[in-house]
**Q** 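Below is one structure. I have some questions about it.
Side chains are part of it too, since the values below use all heavy atoms of this structure and drop only hydrogens, waters and symmetry mates.
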Amino acid sequence: RENKMNKGDRSDPQLMMLDELAEELQVLHSSCLLEHYPHWKMDLIEAEDVYIQSPKALSLCVSRLRVKKLERTQKQARVQELAQELYATGVTAIPPQIWNEDSGSVDPDEEERILRRLG
């Protein structure tokens with residue numbers, strides 16, 4: 001794998017996926033949209049090392065990079081979406097007693113309860 005890569009052969013689908021991500025990150029960087037992620041180039045180099053050492057782990061590594069490229073508000077929105085999916089499918093329950101904090105007699109709406117529960 002390393003020899004092929006060093007010779008410029010990046011025809012492997014996993015490497016092509018990594019190259020697409022690298023291009024996407026470069027575009028974001030050029031547009032000044034990666035200020036929150038200054039080490040993206042080092043992470044891409046690490047991902048290439050993962051490809052060489054343990055190709056099966058590359059998809060997990062790429063997933064991690066895709067999360068790291070998101071801005072904080074985008075990450076929060078994604079966590080909220082996942083929390084609502086978990087709640088809707090019954091994977092997690094929201095016990096009523098947890099919401100008896102100093103909020104007075106007003107019950108928080110469902111979205112607020114989910115966010116409080118999952119942080």
**Q** Within a radius of less than 6.0 Å around NE2 of His36, do more than 12 heavy atoms belonging to other residues, nucleotides or ligands occur?
**A** yes
**Q** Using every non-hydrogen atom in the two residues, find where Leu15 and Asp9 come nearest and quote the distance to one decimal.
**A** CD1-O, 4.0 Å
**Q** Treating Ile, Leu, Val, Met, Phe, Trp and Tyr as nodes and any side-chain heavy-atom pair under 4.5 angstrom as an edge, say whether Leu18 and Ile52 lie in one connected cluster.
**A** yes
**Q** Can you give me the closest heavy-atom contact between Leu65 and Ala47, atom names plus distance?
**A** CD1-CB, 4.1 Å
**Q** Minimum heavy-atom separation for Val67 and Lys75, please, with both atom names.
**A** O-CE, 3.0 Å
**Q** With distance as the sole test, does Gln74 use its side chain to make a donor-acceptor pair with the main-chain N or O of Glu71 at under 3.5 Å?
**A** yes
**Q** Please determine whether the number of non-hydrogen atoms from other residues, nucleotides or ligands lying under 6.0 Å from atom CD of Gln53 exceeds 12.
**A** no
**Q** What residue among Arg64, Lys41, Lys68 forms salt bridge (Lys or Arg N to Asp or Glu O under 4.0 Å) with Glu46?
**A** Arg64
**Q** How long is the span from the CE atom in Met17 to the CD atom in Glu20, to the nearest 0.5 Å?
**A** 8.5 Å
**Q** When you measure from the side chain of Ser31 to the backbone N and O of Val27, does any donor-acceptor pair fall under 3.5 Å?
**A** yes
**Q** Going only through I, L, V, M, F, W and Y residues with side-chain contacts under 4.5 Å, is there a path from Met16 to Val62?
**A** no
**Q** Distance check, rounded to the nearest 0.5 Å: Leu44 atom CG versus Asp19 atom CG?
**A** 9.0 Å
**Q** How long is the span from the CG atom in Asp49 to the CG atom in Asp43, to the nearest 0.5 Å?
**A** 11.5 Å
**Q** Drop me the distance from His29's NE2 to Tyr37's OH, to the nearest 0.5 angstrom.
**A** 12.5 Å
**Q** Look at the side chain of Gln14 and the backbone N and O of Tyr51, then say whether any donor-acceptor pair between them is shorter than 3.5 Å.
**A** no
**Q** Could you check whether atom CD of Glu23 has more than 12 heavy atoms from other residues, nucleotides or ligands sitting under 6.0 Å from it?
**A** no
**Q** Nearest 0.5 Å, what's the CZ-SG distance between Arg66 and Cys61?
**A** 11.0 Å
**Q** I'd like to know if Leu33 and Leu25 are part of one continuous hydrophobic network [Ile/Leu/Val/Met/Phe/Trp/Tyr, side-chain heavy atoms within less than 4.5 Å].
**A** yes
